[in-house]
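A short write-up of the structure that comes next.
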Amino acid sequence: MPPKIPPGVGPQFPQVVVLVGATGDLARRKLLPGLFHLTNSGFIPGCRIIGVSLDELDADGFRKIAQEALTEFSTRKFSEADWGAFAGGLDYVSLGAGPSTLRAAVLAAEAAFNGESRRLHYLSVPPNAALSAVRLLGEAELVDRSRVIMEKPFGTDLESAVTLNSKLHEVFDEGQIFRIDHFLGKEAAQNILAFRFANGLFEPIWNRNFIDHVQIDVPEKLALGKRAAFYEQTGAYRDMVVTHLFQILGFMGMEAPTSLEPKPISEEKNKVFRSMLPIDPADVVRGQYTGYRSEDGISRDSDTETFIALKCFIDNWRWAGVPFYLRTGKRLAEGQRIISIAFREPPKSMFPAGSGVGAQGPDHLTFDLADAAKMSLSFYGKRPGPGMRLDKLSMQFAMHDTTHIGDVLEAYERLILDAMRGDHTLFTTAEGIERLWEVSMPLLESPPPVRFYDPGSWGPNSIHQMIAPHAWRLPFERGWRDPNNFG
Ligand code: BG6
């Protein structure tokens, strides 16, 4: 029995998806498995996919790639029959075949629906290929009844983002454009909004009077795999910071929107971005893991950073003077995605020396942005027994403890579904993106030299000076509570 999907969750009409970059890493890891799940679970009333890429393939060749991708990356079990139904809706057009072949393939897919349908173009291509993909869709006259998802990074600096926006508008109306940042599709990211604005408890202390500093820390163990060519042009700042980490910063820092609609949410996020101080290169550590330069597809004297840590500020009434420390990188010691909020410490302590008060850092509120989200609030409490010894205790919530864990949609699935329904709430805006490039320009124009770090470490040593007198929360001194073991 297919699961019951509540009405209004999915799009009304079947969808023809033109997936540009269909054989790339993202398509194989996330987009094909995601589109399969949405179709197979009944979220979409029908879906046919036309893969497009530079590779010379036929439809069967693409089906083979899709099947391998599903086998390797789908997190859910599926049957031969499920695959067969999905495979029947796959087609392929190589970029070399030109706009008229693409148009014919889309019209054939639409005819197979035998009724009204919509088009979703997903441009899973690097920034330098985005414009030619947009032009192709224009020349193929596939703009009507369509929406277009643009992958990040959107441009590579302020000038290229402004140009891309204006050229994009020559083909698509703003209402058709969905600039994706998949971190905003993560359950845990949306839970920041719920946590802040659905409760009376935390919002009153969500400001510079109570919060000492914030860390947004996304170390990855992952290496580059087959993405060397993309990554070499992009680097950690453009790949992760100007996109994902700053969008999370927007949710963390924004004022309460007047409603949960796209415009009020973007307005509040954009106000945060407008208040950001330009990134000072002196507050940035760029790193490169040793061995990167000898990998395939990487220049032997590459200056691309595979790691970045920086301090930035939102210079408004709520946050003036509160440092936000951001860090991300490849081939680090652990894969984690956390936001950690350190509260100010009490002004005076009546507890005796040696009691342990303050010994384990300030009180922290920590969000784990994994699909199975977690949250923790840590504080000092008395250790049972004689005298007054204090220990760091914590209250923790784990999505795993609820019965809803099976309902989590992977971030791309959630966002693809929203785009098919025309809902812009969790997408980024041209204004927001351009402002983020604007604050980035001092760093992009005068990047500090890359410092080397060992694969498996936490980055170059200078990250500790950068955050002093504070310390990085990761690696955690105390791990998350194991939900299966309360002992
Ligand atoms: C992508 C970046 O956008 O996000 C990758 O291009 C990165 O380099 C990935 O690994 C991380 O996403 P997630 O959802 O796995 O945390």
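Remember, it's 1-based here, ligands and their atoms both numbered in the order they're listed. What's counted below: heavy atoms across the whole structure, side chains too, no hydrogens, waters or symmetry copies. A quick note: this is a predicted structure, and the numbers were derived from the prediction, not measured.
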Q.
Between E410 and K30, does any NZ, NE, NH1 or NH2 come within less than 4.0 Å of an OD or OE carboxylate oxygen?
A. yes

Q: Start with the C-alpha distance between Y325 and H213, add both sets of side-chain angles, then the distance that settles ring-ring contact (aromatic ring centres under 6.0 Å, His included), and finish with yes or no.
A: CA-CA 8 Å; Y325 299 100; H213 70 276; 5.7 Å; yes

Q. Do the ring planes of H37 and F43 sit parallel (below 30°), tilted (30 to 60°) or perpendicular (above 60°)?
A. tilted

What short N/O contacts, under 3.5 Å, does ligand 1 make with the protein, listed by atom pair and distance?
unit_1   : atom_1 : unit_2 : atom_2 : d
ligand 1 : 3 (O)  : K152   : NZ     : 2.7
ligand 1 : 3 (O)  : H244   : NE2    : 2.6
ligand 1 : 4 (O)  : H244   : NE2    : 3.4
ligand 1 : 6 (O)  : K152   : NZ     : 2.9
ligand 1 : 6 (O)  : R227   : NH2    : 2.7
ligand 1 : 6 (O)  : D239   : OD1    : 2.5
ligand 1 : 6 (O)  : D239   : OD2    : 3.3
ligand 1 : 8 (O)  : R227   : NH1    : 3.0
ligand 1 : 8 (O)  : D239   : OD2    : 2.6
ligand 1 : 8 (O)  : K330   : NZ     : 2.6
ligand 1 : 10 (O) : E220   : OE1    : 3.3
ligand 1 : 10 (O) : E220   : OE2    : 2.5
ligand 1 : 10 (O) : K330   : NZ     : 3.1
ligand 1 : 12 (O) : H182   : NE2    : 3.1
ligand 1 : 14 (O) : H182   : NE2    : 2.7
ligand 1 : 14 (O) : K186   : NZ     : 2.6
ligand 1 : 15 (O) : R337   : NH2    : 3.3
ligand 1 : 16 (O) : K186   : NZ     : 3.4
ligand 1 : 16 (O) : R337   : NE     : 2.5
ligand 1 : 16 (O) : R337   : NH2    : 3.2

Q | Any donor-acceptor N/O pair, K311 side chain to M466 backbone, under 3.5 Å | A | no

Q | Whether F324 and W319 hold their rings parallel, tilted or perpendicular, with breakpoints at 30° and 60° | A | perpendicular

Q) Applying ring-ring contact (aromatic ring centres under 6.0 Å, His included), which residue pairs with at least one partner in residues 433-454 are found, sequence neighbours left out? A) F307-Y453

